[in-house]
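Everything on this sheet refers to the single structure shown next.
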Amino acid sequence: MSKPTPKTRGRKPPRGSFVTFEGTEGAGKSTLIAAFADLLRSRGRETVTTREPGGSSVAEKIRAVILNEPMHPWTEAFLYEAARAEHLNQTIRPALERGAIVLCDRFTDSTLAYQGAARGLDWNTLRRLNDIATDGLKPKLTVFVDIDPGRGLRDAKDPNRFEAEGVAFQTKVRKGFLRAMREEPKRFVKVTARSGTPETMAAELLGKIGRRIGVEAKTGAKR
Ligand code: TMP
């Protein structure tokens, strides 16, 4: 078991780079993450890919509950945060402490967009819950993969109960991501979904954020 949250609060930020990927359904985040991880590994960097909800044994069990059973919106919010606290302490923090680059499919901004903007829970309360669950650890960068919600839903694989809520719901989710982006513009990078092959999009992304995560964009160069 990892140490309880109060003991970690205020710890100095770990060495690695934490990058999250966000977007509405069907934006192709996981394909882009896989291609970007391959590229970073080819530059000699330890790269950990993970996802929310999930990414650790307990959190994956919580995922199975959240995605398959209807529940009260606050129950849902607390379960996402519970899964996040576990994932952060079991998987993300240890990897960052080793100096790895961690690429995470969804994180705290999904809570703001889905539970806040789309389900209507109070945005600032969710921000506070995010802060508690993460012990204040924020992503260095967040890549928002933007897609027209209607197109994304048509392309989405494995529909879950959020996808089943349709385009109006996804449109609210997208507005939530745009709000999160406006509130913290320095943390976000926006990319257009399916604007190239996964490999060309990964190379373009490295050009945009490489310097900030300590990886040179040019072939063969490493930090
Ligand atoms: P995905 O793995 O297909 O992205 O499914 C995860 C679903 O969970 C997706 O519909 C978004 C939703 N979600 C939230 O509603 N809040 C959250 O905090 C997170 C991480 C995901």
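What you see below is based on every heavy atom in this structure, not just the backbone, and it leaves out hydrogens, waters and symmetry mates. Counting starts at 1 for both ligands and their atoms, in listed order.
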Is it the case that ligand 1 has an N or O less than 3.5 angstrom from some N or O of [X]?
{"X": "Tyr80", "result": "yes"}
{"X": "Arg106", "result": "yes"}
{"X": "Glu25", "result": "yes"}
{"X": "Asp105", "result": "no"}

- Query: If you draw the axis of the six-membered ring of Phe107, does the NZ or CZ of Arg84 fall within 45° of it and under 6.0 Å from the ring centre?
  - Reply: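 Relative to the ring axis of Phe107, which defines the angle, Arg84 lies inside both limits.
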
With a 4.0 Å cut-off on heavy atoms, does [X] reach ligand 1?
{"X": "Ile66", "result": "no"}
{"X": "Glu76", "result": "no"}
{"X": "Glu81", "result": "no"}
{"X": "Arg51", "result": "no"}

Within a distance under 4.0 Å of any heavy atom of [X], pick out the atoms of ligand 1 and give their elements.
{"X": "Arg84", "answer": "18 (O), 20 (C)"}
{"X": "Leu67", "answer": "7 (C), 8 (O)"}
{"X": "Glu52", "answer": "20 (C)"}
{"X": "Arg63", "answer": "1 (P), 2 (O), 5 (O)"}
{"X": "Thr111", "answer": "17 (C), 18 (O)"}

- Atom CZ of Arg212: over 12 foreign heavy atoms under 6.0 Å: yes

- In terms of hydrophobic clustering (I, L, V, M, F, W, Y; side-chain heavy atoms under 4.5 Å; direct or indirect links), are Ile209 and Leu32 co-clustered? yes

- Salt bridge flag under 4.0 Å for residues Lys61 and Glu86: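 Looking at Lys61 and Glu86, the cut-off is not met.
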
- Would you call Glu216 and Arg43 a salt bridge, taking side-chain N to carboxylate O under 4.0 Å as the test?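 A salt bridge is absent here (no side-chain N lies under 4.0 Å from a carboxylate O).
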
- Query: What residues form a side-chain contact (heavy atoms from CB on, under 4.5 Å) with Ser42, not counting sequence neighbours?
  - Reply: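 Ser42 satisfies side-chain contact (heavy atoms from CB on, under 4.5 Å) with Leu39 only.
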
- Specify side chain, backbone, both or neither for His87, according to which of its non-hydrogen atoms lie closer than 4.0 Å to ligand 1.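 Neither; no heavy atom under 4.0 Å.
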
- Give a yes or no answer on whether the side chain of Arg106 reaches the backbone of Gly23 with a donor-acceptor pair at less than 3.5 Å. yes

- Query: Considering only heavy atoms, which of Phe21, Tyr114, Phe169 lies nearest to atom 11 (C) of ligand 1?
  - Reply: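 Minimum heavy-atom distance to atom 11 (C) of ligand 1 goes to Tyr114.
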
- Message: Testing the basics here: between Ala77 and Leu121, what is the closest heavy-atom pair and its distance to 0.1 Å?
- Response: CB-CD1, 3.9 Å

Only distances under 3.5 Å count here; give the side-chain donor-acceptor pairs of residues 196-204 to other protein atoms, sequence neighbours excluded, each with its distance to 0.1 Å.
| unit_1 | atom_1 | unit_2 | atom_2 | d |
| --- | --- | --- | --- | --- |
| Thr197 | OG1 | Glu199 | N | 3.4 |
| Thr197 | OG1 | Thr200 | N | 3.0 |
| Thr197 | OG1 | Thr200 | OG1 | 3.2 |
| Thr200 | OG1 | Thr197 | N | 2.9 |
| Thr200 | OG1 | Thr197 | O | 3.1 |

- Query: Going by heavy atoms in the side chains, are Phe144 and Leu178 under 4.5 Å from each other?
  - Reply: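 Sidechains of Leu178 and Phe144: in contact.
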
